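As structure tokens, the structure follows; a few thoughts come after it.
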Amino acid sequence: MKLIWMTDPHLLPNGRTLLGYSGEKRLRLAVERIAEFHSDADYCVVSGDLVDEGDVASYQLFNDIMSSCPVPALTIPGNHDNRSAMRSQCAFPDNCHAEFIQYSIVKDGYRLVMLDTLNEGSAEGLLCEERLRWLDDELARQPELSTSVFCHHPPGKLFLPAQDQNQSDYGHKLLDKLCAAPNVKHLFFGHVHRPVSGHFNGLGFTALQSIALQAPLPYPSWDWDTFVPADEPPAFAIVHLTTDSVVVHFCPFCKATDFLL
Ligand SMILES: [Fe+2]
Ligand SMILES: [Fe+2]
């Protein structure tokens, strides 16, 4: 399976920018690159923070841009998203949970599990009992299937002090489930607007740059009062998944200063 993976475009309507960065223009350029080089991909995953303010107009803008993408989109919410506005504008597979935007895709003997970690009103991740029960059922249904999981929030400490939140409850619950499932191969998440990889309890993970703007490394240290976006370019990723391998290519698609207004 070949995936395009994008995260955190943080779209705003009416040409507005995020601290001067145009997520709209950057997403349009990313989609142009995908159409040029990656129309053979199976899916285009967008792992949350599709829009910045959870408004319907921004999801309409997202759909307008993605209508040029030759690869079907699989979206999940992040902390900036609004479930009802997202549901009103985005399509989801028939097996999507009725309340939460989480679902699974099986193709060519490989499964993608898309999780909804949104805790409305909070920046932190959450998997309530209902969502955890759904995950249990999903993983138990076809335990032999090689599986990768996408969500928005990191479930563990990334040594990014301004961004490491109190994931102890959410993260432990998620990792307990995933690490106990023998065929869960990898976890992909967004939210931190940085490329990071490693493993939690033996489960490999990857985090990805934002389409919109990047968070700086913590050297020197910073906090949200002193936050200035990093002078680093946006990227999407190409992900190749087989039963015995996970390969991620990071693909910057413009300069750090392009579409900075
Ligand atoms: Fe974000
Ligand atoms: Fe986020």
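Just follow the structure's listing: the first ligand is 1, and inside any ligand the first atom is 1. The structure displayed is predicted, hence computed values, not measured ones.
- Ser221 and Asp223 share no side-chain donor-acceptor pair at under 3.5 Å.
- When only modelled atom types and interatomic distance are considered, Asn79 and His152 share a side-chain donor-acceptor pair under 3.5 Å.
- Residues Thr206 and His186 bring a donor and an acceptor atom of their side chains to less than 3.5 Å of each other.
- Counting only protein N, O or S atoms, 4 lie closer than 2.8 Å to the Fe ion (ligand 1).
- Nearest approach of Pro218 to Phe159, heavy atoms of both residues: CG-O, 3.8 Å.
- Applying the ring-ring contact (aromatic ring centres under 6.0 Å, His included) rule to pairs touching residues 42-90 yields His10-His80, sequence neighbours excluded.
- In this structure, Phe205 has its ring center closer than 6.0 angstrom to the ring center of Phe200.
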